[in-house]
Number of protein chains: 4
Amino acid sequence: MDGTKQQRRRGDTRQRIQDVALGLFAEQGYEKTSLREIAERLDVTKAALYYHFKTKEEILVGIFEDLSRPMEDLIAWAREQPHTLETKQEIIRRYSEALAGAAPLFRFMQENQATVRDLRIGEMFKTRMLGLRDSLIDPEADLVDQVRCVSALFTLHAGMFVLSDLEGDPEEQRAAVLEVATDLVTQAHRGSAGRAAPAP
Amino acid sequence: MDGTKQQRRRGDTRQRIQDVALGLFAEQGYEKTSLREIAERLDVTKAALYYHFKTKEEILVGIFEDLSRPMEDLIAWAREQPHTLETKQEIIRRYSEALAGAAPLFRFMQENQATVRDLRIGEMFKTRMLGLRDSLIDPEADLVDQVRCVSALFTLHAGMFVLSDLEGDPEEQRAAVLEVATDLVTQAHRGSAGRAAPAP
Amino acid sequence: MDGTKQQRRRGDTRQRIQDVALGLFAEQGYEKTSLREIAERLDVTKAALYYHFKTKEEILVGIFEDLSRPMEDLIAWAREQPHTLETKQEIIRRYSEALAGAAPLFRFMQENQATVRDLRIGEMFKTRMLGLRDSLIDPEADLVDQVRCVSALFTLHAGMFVLSDLEGDPEEQRAAVLEVATDLVTQAHRGSAGRAAPAP
Amino acid sequence: MDGTKQQRRRGDTRQRIQDVALGLFAEQGYEKTSLREIAERLDVTKAALYYHFKTKEEILVGIFEDLSRPMEDLIAWAREQPHTLETKQEIIRRYSEALAGAAPLFRFMQENQATVRDLRIGEMFKTRMLGLRDSLIDPEADLVDQVRCVSALFTLHAGMFVLSDLEGDPEEQRAAVLEVATDLVTQAHRGSAGRAAPAP
DNA sequence: AATGAATGAGACTTCATTCAT
DNA sequence: AATGAATGAAGTCTCATTCAT
């Protein structure tokens, strides 16, 4: 008797704002998405957005905090593992999963770098990425092998979006990207290890 | 008697607009750079910009057309070469050079993807990138090897900017990035070749 | 078990609203003080303000009614006294006291005249001031002496705030201001009296 | 021909903005006057205001700079005169004239003190007032006499506006206000002088 | 080759106020 | 006695663009 939209939705407006906003941010970019547009799509007024978030930027911060938790957890986990090849491969695998789980957010981050740089989440994200990088890189490794690790990360990122407009089974594609990235960290690991103690 | 800035600059305003605009676009992003800002930096009025360019977007098109010629040339050249390993390695090498030669433009393209997508240069750039990709990829190659080629390109792109805030000799870094990218296409080539006719 | 702030404050919210509001109104001005700010400082919601007051303006009316009673009493008292010099001097003395007793309110009235004019308290205050003025001025007195009386009142008002950022003992300052104001009404009285019946 | 409003007014828009703005600021207060209102009254768009002034505040600064010049000149002049009674009386006389010449501005300053305090012109005005005060006050004078000088200035200010809603010839009123103010500085001067060397 | 003046659209944000609970 | 959620109106400001000169 009261399952109307209005009624059912009471209480979840904050979440709905974030959902709609992320959709639009990812699709059109941050600056080209206006609060008017978000509000209209939710059928509320702009002022309602300001009841839930202090600024446009805070909407994005909210989204980021919610969706980047898996990434944070991964980094925390990585910090406590030994720097073995298996660990590194597992990091890549898990990161690939984290990316897939929050694809719109990461797509947004990738396609709006110039914008993100000036926003609060810019620093946050950069810190996380550096954390990830350091969990893959051996500081005394060859520069080339260090680049391989960074390249592995970027391959995962880019793979997600560039490949998305290719024909072919997405799952297969993800697997292929993952393999290339894994390969890169493996080579990087062997390289450093090899120099210390050559592989058999 | 007339070697003043004003005098000497007569006639090169169009070029100066592009220079300043690219600097600001790369530094702040396209949307966050206003024509007012560009004009102020050149010490002319906004209206003057409209004498030289029909719209804001056309300024960017002009920049892109001027600076992406080496990339275009590379693609044209690549189209006429046999798809040998050496060719592919040469493509990577030359593309690395092209990127370095127009760093601000490519940095801009990378950091403003969401914006660029809706602009005329979005299509142009995508077409060029696909051309490049196709000059590296063997269509019947393994998906993993195809990803390796794309990864090689992205490694070059990303390498340029991510590494830029690392300490260390930039030349050395560029060399390292180039090596990783070359490695990737080499592996990709060996992979496909290997399946058809195993390497000696 | 219940001497907490929350508990102890039950029932005095209305007064606390007025206190905080007056503080902010006096400090920042009426328009620049938002209900949000008042509510936040009290750690209640804006809606709570509306439980106690119908509008923002009514908060101010409440403050004014409470704090301007001494002024009203003074005027009522003055109305029943003979228009002697002693009475006038006493009015000035008492008004000086009234001002000091409700300094933030009067400071607010002085610094927000443009705003107050459009509010209900504008009329109220004007009426009171005219009442005061008429208790000091002899209608048939010289225009100059009439001005002296008005000047005495303004001297008291302004003295309060302009002198406040001077160095020196505030009590001494108040006394000096009071002396000048008293002097002015005395001169005014002598003037009119003198013309009607010269002083001995 | 071309004596239309549009044509005739080209070039004086900046001045017209200031005129209209001052009128509205004085009548309604600064915050209650919106740029929309100013623009509508001038039959231009809000954006046109921003072509001539960077912010709402700058409109006010422009007005203040233009209209407070006589006051500034007076202070400069005063600084070079000997601190005689005649000088002080002349200062009062000239200041009275300056006030009358820019009545709307001074009315605005008086009725919007809370607002003005936070604006750029707040500091400017305060500085000027202190300059004026110091040209009237002998630093070693009695506190009461110092108050008399300040009172003289406030009498002039207040006189202008409070008396304005009295019946009676405005010229006569101004003369009366001027007499009271002059009287105050004269007494102040005699007081200090008297203590040093008693009047005959 | 460039300026001065202006526009129309729209951005983000804030405010006082309301009302069901 | 007070909250949570929301609204409608309005505010200041910025932008790309135009056009007569």
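What you see below is based on every heavy atom in this structure, not just the backbone, and it leaves out hydrogens, waters and symmetry mates. Keep in mind the model is a prediction, meaning the values are calculated, not measured.
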Considering residues, nucleotides and ligands other than [X], do more than 12 of their heavy atoms fall under 6.0 Å from its [atom1]?
| X | atom1 | value |
| --- | --- | --- |
| B:R117 | CZ | yes |
| D:R128 | CZ | yes |
| B:E57 | CD | yes |

Among the nucleotides [options], which one has an atom lying closest to any side-chain atom of [X]?
| X | options | answer |
| --- | --- | --- |
| B:K46 | F:dA10, E:dT3, F:dT17 | F:dT17 |
| C:A47 | E:dT18, E:dT13, F:dT12 | E:dT18 |
| C:T13 | F:dA2, E:dT7, F:dA6 | F:dA2 |
| D:S34 | F:dG4, F:dT12, F:dC15 | F:dT12 |

Taking for each residue the nucleotide of DNA chain F with the nearest heavy atom, is it A:R14 or D:E37 whose nucleotide lies nearer the 5' end?
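It is A:R14 whose nearest nucleotide is closer to the 5' end.
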Consecutive-pair stems (3 or more, Watson-Crick or G-U, under 3.5 Å) for DNA chain F
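For DNA chain F the paired stretches long enough to count as stems (3 pairs minimum) are E:2-21 with F:2-21.
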Using whole Å, report how far [atom1] of [X] lies from [atom2] of [N].
| X | N | atom1 | atom2 | value |
| --- | --- | --- | --- | --- |
| B:I17 | E:dA1 | CD1 | P | 11 Å |
| A:D12 | F:dG4 | CG | C1' | 14 Å |
| B:L49 | E:dT3 | CG | P | 9 Å |
| A:K32 | F:dA16 | NZ | P | 13 Å |
| D:E31 | F:dT12 | CD | P | 10 Å |
| A:R36 | E:dT14 | CZ | C1' | 19 Å |
| B:I38 | F:dC15 | CD1 | C1' | 12 Å |
| B:L119 | F:dA16 | CG | C1' | 13 Å |

Report the C-alpha separation of D:R120 and D:E58 in whole Å, then their side-chain angles, then the decisive distance to 0.1 Å, and conclude whether the salt bridge (charged side-chain N to carboxylate O under 4.0 Å, His left out) test is met.
CA-CA 9 Å; D:R120 267 200 326 136; D:E58 287 303 309; 3.2 Å; yes
Between C:E40 and C:K46, does at least one N-O distance fall below 4.0 Å, as a salt bridge requires?
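No salt bridge links C:E40 with C:K46.
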Should B:E111 and B:R107 count as an ion pair when the cut-off is N to O under 4.0 Å?
yes
Taking the cut-offs as 6.0 angstrom to the six-membered ring centre and 45 degrees off its axis, would you call D:K56 and D:Y50 a cation-pi pair?
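No, D:K56 does not sit over the ring of D:Y50.
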Whether B:K32 engages the ring of B:F25 as a cation-pi pair (distance to the six-membered ring centre under 6.0 angstrom, angle to the ring normal within 45°) should be assessed.
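Here B:K32 fails the 6.0 Å and 45° test against B:F25.
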Judged by atom type as modelled, is there a donor-acceptor pair below 3.5 Å linking the side chain of B:S68 to the main-chain atoms of B:M71?
no
Residues from residues 50-57 of chain A lying under 4.0 Å of DNA chain E - heavy atoms:
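The stretch gives A:Y50, A:T55, A:K56 as the residues lying under 4.0 Å from the strand, ordered by number.
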